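Reading through the structure tokens given below for one structure.
Just so we're clear, the structure is a prediction, and the values are computed from it rather than from any experiment. Note on naming: letters A, B, ... go to the chains in the order of the sequence lines (proteins, then strands), and numbering restarts at 1 for each one.
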2 protein chains.
Amino acid sequence: MKIDPDNPADLSAQIAAAIRDAIISGGLIVDERLPSEAELAEQFDVSRPTVREALKRLAAQSLIRTQRGATGGAFVNRLSFEAAQPQQITTSTLLLSMNAVSFETACEARYALERACAPLAATRRTPDHLATMRAEIHRQSQPGLTDEAFCASDVAFHRALVDGAGNPVLSYQLAGAVEAMQPLMNMITFTARDRARIIALHEGIADAIEAQDAAATASALTALEQETQTLAHSVFAARAARR
Amino acid sequence: MKIDPDNPADLSAQIAAAIRDAIISGGLIVDERLPSEAELAEQFDVSRPTVREALKRLAAQSLIRTQRGATGGAFVNRLSFEAAQPQQITTSTLLLSMNAVSFETACEARYALERACAPLAATRRTPDHLATMRAEIHRQSQPGLTDEAFCASDVAFHRALVDGAGNPVLSYQLAGAVEAMQPLMNMITFTARDRARIIALHEGIADAIEAQDAAATASALTALEQETQTLAHSVFAARAARR
DNA sequence: AAACATTAAATGTAAGACATATGAAAATCG
DNA sequence: CGATTTTCATATGTCTTACATTTAATGTTT
């Protein structure tokens, strides 16, 4: 871990990489305290600011946490799914917005992934998940709802579906795909009739999940994907024509 | 974006968050140059090292890149799928190793996600993808192969399958799930008979993809999942008994 | 013995300096 | 005049030193 070529560029990046590798390879255990900044500076033969820049890089990835005071220092973080999700969502969102990913492509990916959760969710969903889904459906049918709030509720509904699979790995991976769609969905204006159709499809999904019918859940999701795609298509076509 | 409460703690984190929000909200465009470190220090009323720590945090997330020299500075990065994948893989790997995720759970998630790609891959796969899959199968059947190389080839095979779906969003999301399994797979020793069974299943998958048969692809994947799970189960049971 | 003050160790921040890379302008030469 | 070289300004990369702040352990006093 003390490797550091005499290439005098990107020292902080090199140090960050060295520490990161040590964490990944198991050389540093969870909750283990790193040497103090001064000690690290001496070990790597650099100044303290350089060490600090390296540590901040690791902190940005939630690989370490720092604590001030007498017994303080930098500690290896237990990377939790909860902590990793916001970052995953941020990255996914930026990937979509910066790479001109079409609504169609993102939507296709999202529903393909959700269908992967369907059989598991149908088997394992708890009453809690069902209650969340029903509550979100109820919220979506309220009249005064803004388009943004409607989309947010849509996301919550789908996350409950995904969480119903009872697999944290799936929930983590899907969080990015589901949440990153929200900005794209927010570009759509939903008429009352649109909302009614979507809510009906949501009810179909909830019913299928409740009945623990995997096949019905999958086909209901496909129907919702179809509806979303055609809706988006018409909205974007109208917007393009208006120009 | 110049908001900064007089809370005198985590200044660099606050500054990083402010710039990050500006990027996400579109206040800073791709390839746009940020103010110089000295200017930022003045704007936020902090010292240059503090600004630098903030910038390093953003660089760790590939949100910005820096360039030295006269026309240098920090530029907003176009976050590409290629750049985001390694980070996604690192995070996924650490999540599995640090949270005592069972082989069963990770394997279930991986194959559920891969089955999501199956219909699309069966439809859209190019000869290139097929060739890669066949080549990896061939490699796996070579005699002198180490277990690690066998697992690496397995990952390459599955990534070709995922990429065959022709959806960059899917490829990105799946990369984490597929690659993160490798350390877990490396804990298994594959006998010659194990390998033969896996290779046969791989051939079944490749055949189904070549025939553009979505249903056959999905069921072949399910068979492979079964095989992997029972294999892992017996290996771990034997290891537990030996103690 | 309990409450309080002191101290030490660590991170957080600041300020100034120098090194280095790099593009552009200026000077020089053919 | 044009091409090449030199110079220079600007920005990041790094080092040094210093001080502020937080926090727990230690010591002291009542």
Side-chain angles (χ1 to χ4, degrees), chain A residues 2-20 22-23 28 31-77, chain B residues 2-20 22-23 28-77:
Chain A
K2 288 129 197 163
I3 315 158
D4 212 13
D6 39 23
N7 170 11
D10 281 333
L11 283 182
S12 73
Q14 291 179 40
I15 294 171
I19 298 177
R20 178 165 35 238
I23 294 176
L28 291 169
D31 289 337
E32 186 173 342
R33 184 178 169 283
L34 297 179
S36 74
E37 295 177 351
E39 287 171 313
L40 285 173
E42 202 175 356
Q43 276 187 35
F44 288 109
D45 199 31
V46 298
S47 69
R48 222 187 107 203
T50 302
V51 168
R52 281 182 62 80
E53 288 178 9
L55 293 180
K56 295 313 172 194
R57 293 178 120 111
L58 300 175
Q61 299 178 300
S62 306
L63 292 185
I64 62 170
R65 63 180 182 278
T66 56
Q67 202 175 353
R68 294 176 71 170
T71 60
F75 298 83
V76 177
N77 236 343
Chain B
K2 288 131 197 163
I3 314 161
D4 213 13
D6 40 22
N7 169 12
D10 281 333
L11 283 181
S12 73
Q14 291 179 40
I15 294 171
I19 298 177
R20 177 164 37 236
I23 294 176
L28 291 168
I29 325 282
V30 165
D31 289 337
E32 185 173 342
R33 183 179 169 283
L34 297 179
S36 74
E37 295 177 352
E39 287 171 313
L40 286 173
E42 203 175 356
Q43 276 186 36
F44 288 109
D45 198 33
V46 297
S47 69
R48 217 186 117 207
T50 301
V51 168
R52 281 182 62 79
E53 288 177 9
L55 294 180
K56 294 313 171 196
R57 292 180 120 111
L58 299 175
Q61 299 179 298
S62 306
L63 293 184
I64 62 170
R65 63 180 181 278
T66 55
Q67 202 175 354
R68 292 176 71 169
T71 61
F75 298 84
V76 177
N77 235 345

* Structure fact -> Atom CD of B:E53 and atom C1' of C:dA15 are separated, to the nearest Å, by 14 Å
* Asked: Going by modelled atom types, is there a donor-acceptor pair between the base of C:dG12 and the side chain of A:R48 at under 3.5 Å?
  -> yes
* State, to 0.1 Å, how close A:S12 and A:R57 come at their nearest heavy-atom pair, and which atoms those are. => OG-NH1, 2.6 Å
* To do: Verify the contact: side-chain N or O of A:R52 to OP1 or OP2 of C:dT11, cut-off strictly under 4.0 Å; return yes or no.
  => no
* Could you tell me whether the phosphate oxygens of D:dG13, OP1 or OP2, come under 4.0 Å of any side-chain nitrogen or oxygen in A:S12? => no
* Asked: Hey, does the side chain of B:T71 come within less than 4.0 Å of D:dT10's phosphate (OP1/OP2), counting only N and O?
  -> no
* Structure fact -> B:D10 CG to D:dA20 P, in whole Å, measures 20 Å
* Asked: A:E37 CD to D:dA20 C1': how many Å, rounded?
  -> 14 Å
* Asked: Which value, rounded to the nearest 0.5 Å, describes the distance between B:D10 atom CG and B:E53 atom CD?
  -> 10.5 Å
* Asked: So do A:K56 and B:L58 actually touch side chain to side chain, heavy atoms under 4.5 Å?
  -> no
* Rounded interatomic separation in angstrom, taking CD1 from A:I64 and P from C:dA10 -> 16 Å
* Could you state the atom-to-atom distance from CD of A:Q67 to C1' of C:dG12 in whole Å? => 14 Å
* **Under-4.0 Å side-chain N/O to phosphate OP1/OP2 contact, B:S47 with C:dA14** => yes
* To do: Would you confirm whether A:R33, through its side chain, and A:G72, through its main-chain N or O, come within 3.5 Å as a donor-acceptor pair?
  => yes
* Structure fact -> So CG of A:L55 and OG1 of A:T50: to nearest 0.5 Å the spacing works out to 11.0 Å
* Asked: Is there a donor and acceptor pair, one atom on the side chain of A:R68 and one on the base of D:dT23, closer than 3.5 Å?
  -> no
* Between C:dA14, D:dT12, C:dT11, which one does the side chain of A:S36 approach most closely? -> C:dT11
* Could you state the CZ-P distance from B:R65 to D:dA11, rounded to the nearest angstrom? -> 17 Å
* When we call it a touch if two heavy atoms are under 4.0 Å apart, what does A:R33 touch: a base, just sugar-phosphate, or nothing? -> sugar-phosphate
* To do: Find the distance B:L11:CG to C:dA14:C1' and express it as a whole number of Å.
  => 11 Å
* Structure fact -> Of A:A70 and A:T50, the one whose closest nucleotide on DNA chain D sits nearer the 5' end is A:T50
